[in-house]
Amino acid sequence: MIPRTQATASTVESDLPAWQQSLRNVVSSLEELLELLELSPELLDPRVADCGDFPLRVPREFVARMRPRDPRDPLLQQVLPTAAEFEVRPGYREQPLEEELFAPRPGLIQKYRGRVLVVTAGSCAINCRYCFRRNFPYASQHPWAGEATAVVDSIAADPSIREVILSGGDPLVASDRKLAGLVDRLSEIEHLDTLRIHTRLPVVLPSRVDQRLLQWLGHTRLATVVVLHANHPQEIDGEVGRAVSRLRGTGVTVLNQSVLLAGVNDRAADLITLSRSLFAVGVLPYYLHLLDRVQGAAHFEVATSVALRLVEEMRQELPGYLVPRLVREVPGAPSKVPVTARSGL
Ligand SMILES: *Cc1c(COP(=O)(O)O)cnc(C)c1O
Ligand code: SF4
């Protein structure tokens, strides 16, 4: 006979949506990652054994898209901690965007007119080594710790806000119950017309786009935009394509933003293929970000002159709607700042 407690635990486990089970089962051991990719453990620098608050974290669905036996794989490069992260370089800061200065209350960030960003979750399915939030104080920025009401009230009190952006972390690591509740309350605010979701989950864990998600996403009166985050064409496979189709089936507009990363996507051919692969599954490129100068990510930086040349090559090869806008975040600027040969950024 199975003891009752054990039976209960396994029932609860199988009741979890598939994506939540995948989230519990991400790869977080460096040794296991190398073993899955048939790579030698000697690749590991002993200094990365402890990555502190920003450990290795990658869904198995994403690992499956990495090329085995290739230490330079562009997907692996995005998640593998390396000793280069410990280099301290001048100009690279713990919190490059000074977001704490733009947080009117915990969980809300307003930098631009008409749009407000809600820190909807404090974690991601994947830890991208170049992430500007790698040192972010999520513990104090998390709206769900009793702050959701305050966040909604403060948006309701400001009629200049038209668009709410759910961000994080990754907002889609939150449960559908929580998200549906938040979106319901936002939908009641008359001066809002648009809901935007910035998420990498449909790319790194496409099973996240399930019926429960489509249910609330398809039923808000707000016009809805989902901005994905993919950096390399190898990230876009059939599962991702089907997840995008499901999203678009609810009437959502799907865009993509990328970060320009040395050793990942700093070749024109890859960026061109990325745009085409995105379009093939129904996604338009939106932004190509220059790296935010966060400490630990300097080795990913691509020089502005190189970035400009890459975008010029894209422009020559692609229709205008497949060329993303090259931008950089500048603390205090009223929008993302376009990078041009003349802007001196
Ligand atoms: C990027 C960002 C936005 C959205 O900017 P768009 O140019 O509208 O995409 C809004 N708020 C914050 C804090 C941002 O960082
Ligand atoms: S998914 Fe986005 S927010 Fe999360 S670690 Fe990656 S870059 Fe950072």
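Note that the numbering runs from 1 along the sequence shown for the chain. Note that ligands are numbered from 1 as they come in the structure, with each ligand's atoms numbered from 1 the same way. None of these values were measured; they are calculated from a predicted model. Quick note: numbers below take in every heavy atom, side chains included, and nothing from hydrogens, waters or symmetry partners.
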Nearest non-hydrogen protein atom, [atom]:
atom: atom 14 (C) of ligand 1; result: K336 NZ, 3.0 Å
atom: atom 12 (C) of ligand 1; result: L117 CD1, 3.5 Å
atom: atom 7 (O) of ligand 1; result: Y287 OH, 2.6 Å

Would you say E329 contacts ligand 1, with heavy atoms under 4.0 Å as the rule? yes
Is K111 close to L117 at the side-chain level, that is, under 4.5 Å between some pair of heavy atoms? no
Would [X] count as being in polar contact with ligand 1, using the rule that some N or O on each side must be under 3.5 angstrom apart?
X: R196; value: yes
X: K111; value: no
X: R115; value: yes

Check: [X]/[Y] side-chain N/O donor and acceptor closer than 3.5 Å:
X: Q234; Y: D73; value: yes
X: D176; Y: Q215; value: no
X: R57; Y: S123; value: no
X: R129; Y: Q77; value: no
X: Q295; Y: E85; value: no
X: E329; Y: H289; value: no

Starting from the C-alpha separation in whole Å, work towards a yes-or-no answer on salt bridge (charged side-chain N to carboxylate O under 4.0 Å, His left out) for R208 and E61. CA-CA 11 Å; R208 177 63 184 95; E61 291 80 348; over 6 Å; no
Give a yes or no on whether C128 keeps an N, O or S atom under 2.8 Å from atom 8 (Fe) of ligand 2. no
Numbered atoms of ligand 1 (with element) below 4.0 Å of [X], judged on heavy atoms:
X: I165; answer: 3 (C), 4 (C), 10 (C)
X: Y286; answer: 6 (P), 7 (O), 8 (O), 9 (O)
X: I109; answer: 13 (C)

Would you mind running through ligand 2 and noting each atom that sits below 4.0 Å from a heavy atom of C124? 1 (S), 3 (S), 4 (Fe), 5 (S)
Ligand-residue contact atoms, ligand 2 with R200, heavy atoms, under 4.0 Å: 1 (S)
Is any N, O or S atom of H229 under 2.8 Å away from atom 4 (Fe) of ligand 2? no
At under 4.0 Å between heavy atoms, is it the side chain or the backbone of V116 that contacts ligand 1, or both, or neither? neither
Of the backbone atoms (N, CA, C, O) and the side-chain heavy atoms from C-beta on, which set of E163 has a member under 4.0 Å from an atom of ligand 1: side chain, backbone, both, or neither? neither
Look at the rings of H229 and Y130 and say which category their plane angle falls in: under 30° parallel, 30 to 60° tilted, over 60° perpendicular. perpendicular
Could you check whether any side-chain N or O of D170 sits under 3.5 Å from a backbone N or O of L172, counting only pairs where one atom can act as donor and the other as acceptor? yes
Is there a donor-acceptor pair under 3.5 Å between the side chain of R65 and the backbone N or O of E235? yes
Using non-hydrogen atoms of the residue, decide whether I126 is closer than 4.0 angstrom to ligand 2. yes
